[in-house]
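Everything on this sheet refers to the single structure shown next.
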Amino acid sequence: MNGNASIAARAQAVLTPNYRQAPVALVRGQGSRVWDADGKEYLDLICGIAVNALGHCHPAAVRALEEQGRALWHVSNLFYTPRAVELAEELVHGSFARRVFFCNSGAEANEAMLKLARKVHADAGHPERNEIVACVNSFHGRTLFALTVTGQEKYHHGFEPLVPSVRHVPFGDLAALEQALGPHTAAFVVEPIQAEAGVLPSPDGYLAEARRLVHAAGALFCLDEVQTGMGRTGKLWAHEWEGVTPDIMSSAKALANGFPMGAMLATEEVGMHLTPGSHASTFGGTALASAVALATLREIRAVLPAAGKVAERLRAGLSAIPGGRVVGVRGRGMLLGVMVRGVKAGDVVVAARERGLLVNAIGDDVIRLAPALVLTEAEADQGVALLASAISAAPAIA
Ligand SMILES: *Cc1c(COP(=O)(O)O)cnc(C)c1O
């Protein structure tokens with residue numbers, strides 16, 4: 001088990017084939033760099049798909065993991081642990097939220113959000129108010145409820161029957177949303193930026209007006225900030241840019257910088273409906289995950305201002321890639337989609353990897369970048385140069 005090729009061959013013999021994996025096995029990481037099993041170095045501008053916000057093996061996260069790893073890992077939610085309480089306090093501090101539920105992934109955070117949205121209305125004597133309205137092309141995870149709410153049919157095939165009482169409206173379309181809302185609506189769920197759909201930002205003012213419509217209809221306004229949260233867009237939560245607050249929000253991905261953790265945050269009134277026994281997760285908010293997340297959250301708050309400047313430089317560099325194949329850059333902060341034409345995004349990703357750069361293709365014409373918030377200016381410039389070279393090297397398409 002040493003080189004990329006032999007690890008890939010063995011993987012293909014034993015793992016389920018659900019991932020389209022590159023023939024590369026990564027063995028070590030530091031900051032924005034990773035190394036593969038053949039010793040090749042890469043600049044990582046995808047960082048676990050927006051997970052390693054502090055880069056790989058950040059000293060603060062490593063310290064928290066080691067210290068907590070020697071003290072206590074897990075005791076079940078029959079007991080309190082101090083790090084989980086501190087983490088919840090720091091998450092609610094300065095945010096819309098007053099109540100926090102911990103879990104282990106984005107899908108689970110969304111499951112909790114969706115279940116809670118229904119329960120709030122059921123508790124109020126309106127079990128008929130159970131419909132979830134979500135957006136076309138959204139992504140909310142792969143558990144059955146989160147999958148049903150995900151507005152991409154290609155992910156539904158083979159898994160029917162899905163969860164009843166879910167409908168989709170076009171993202172950004174307020175008239176369609178207003179039409180869909182009614183006395184049966186439990187909640188509207190939306191991402192501030194549809195990341196998996198190709199880094200599509202919500203139109204200006206959309207979230208605020210959607211929130212108003214949703215509340216006027218007596219439903220809950222729910223944000224999926226699994227990918228956009230934890231500093232990814234330049235503020236701790238993307239909704240802060242829009243001056244709107246949700247009733248419930250999901251977080252995961254960067255929450256513990258790569259240690260699995262998710263969280264559902266809610267207002268006092270809504271969060272209190274998750275009554276004793278109504279929901280649970282064995283590993284939710286375990287001492288180890290909480291300690292790493294706490295260190296991650298504190299460090300992210302500290303690095304955010306500097307990250308904003310590097311993100312601007314990166315965006316400007318990407319926008320100025322010559323050759324006419326880059327037709328635009330969209331997104332915010334360290335979540336960027338580079339739109340290409342005349343080449344296939346997938347071919348660019350392969351050419352980039354050959355040049356020592358890790359990025360990710362969404363469809364045929366968007367290259368997603370989700371770099372670490374600790375990316376340096378020099379690394380941003382290097383990333384732009386490598387991507388420019390990969391784009392010009394990729395074969396032309398008709
Ligand atoms: C990644 C993602 C999820 C799913 O998270 P998992 O940890 O893979 O379950 C849900 N919503 C959004 C917006 C995501 O980006």
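All ligand and atom numbering here is 1-based and tracks the order in the structure.
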_Residue G141 vicinity, atoms of ligand 1 by number, heavy atom under 4.0 Å_ = 4 (C), 10 (C)

*Carboxylate-amine/guanidinium proximity below 4.0 Å for E209 and R212*: yes

*If you measure from each non-hydrogen atom of N110 to ligand 1, which part falls under 4.0 Å: side chain, backbone, both or neither?*
side chain

*asked:* If you measure every N or O of F139 against every N or O of ligand 1, does any of those distances drop under 3.5 Å?
replied: yes

*Considering only heavy atoms, which of K253, Q194, E225 lies nearest to atom 15 (O) of ligand 1?*
K253

*asked:* Between F96 and H239, does the ring-ring contact (aromatic ring centres under 6.0 Å, His included) criterion hold? Intermediate values first, please.
replied: CA-CA 10 Å; F96 77 96; H239 67 257; 5.8 Å; yes

*Are side-chain N/O atoms of W241 and T233 paired as donor and acceptor at under 3.5 Å?*
yes

*asked:* Give the atom numbers and elements of ligand 1 that come within less than 4.0 Å of a heavy atom of H140.
replied: 10 (C), 11 (N)

*Can you find a side-chain donor-acceptor pair between T275 and K119 that sits under 3.5 Å?*
yes

*Considering the heavy atoms of E191, write down every atom of ligand 1 situated less than 4.0 Å from one of them.*
13 (C)

*Heavy atoms of the protein only: does one fall short of 4.0 Å from atom 9 (O) of ligand 1?*
yes

*asked:* Any donor-acceptor pair under 3.5 Å linking the side-chain atoms of D247 with those of T267?
replied: no

*Step-by-step salt bridge (Lys or Arg N to Asp or Glu O under 4.0 Å) determination, R313 to D381*: CA-CA 8 Å; R313 185 184 178 97; D381 294 349; 2.7 Å; yes

*Any side-chain donor paired with an acceptor under 3.5 Å for S281 and N104?*
yes

_For S105, the ligand 1 atoms whose distance to one of its heavy atoms is below 4.0 Å_ = 7 (O), 9 (O)

*Short N/O distance, under 3.5 Å, between V226 and ligand 1?*
no

*Below 3.5 angstrom, do we get any N/O pair linking A107 and ligand 1?*
yes

*Would you say ligand 1 has an N or O under 3.5 Å from any N or O of E108?*
no

*Tell me, which protein residue and heavy-atom name are nearest atom 7 (O) of ligand 1, and how many Å apart are they?*
G106 N, 2.8 Å

*Test ring-ring contact (aromatic ring centres under 6.0 Å, His included) on F102 and F283 and set out the steps.*
CA-CA 9 Å; F102 291 120; F283 295 121; over 10 Å; no

*Assign the ring pair H279 / F101 to parallel, tilted or perpendicular, where the plane angle (0 to 90°) is split at 30° and 60°.*
tilted

*May I ask you to list the atoms of ligand 1 that are less than 4.0 angstrom from any heavy atom of D224?*
10 (C), 11 (N), 12 (C), 13 (C)

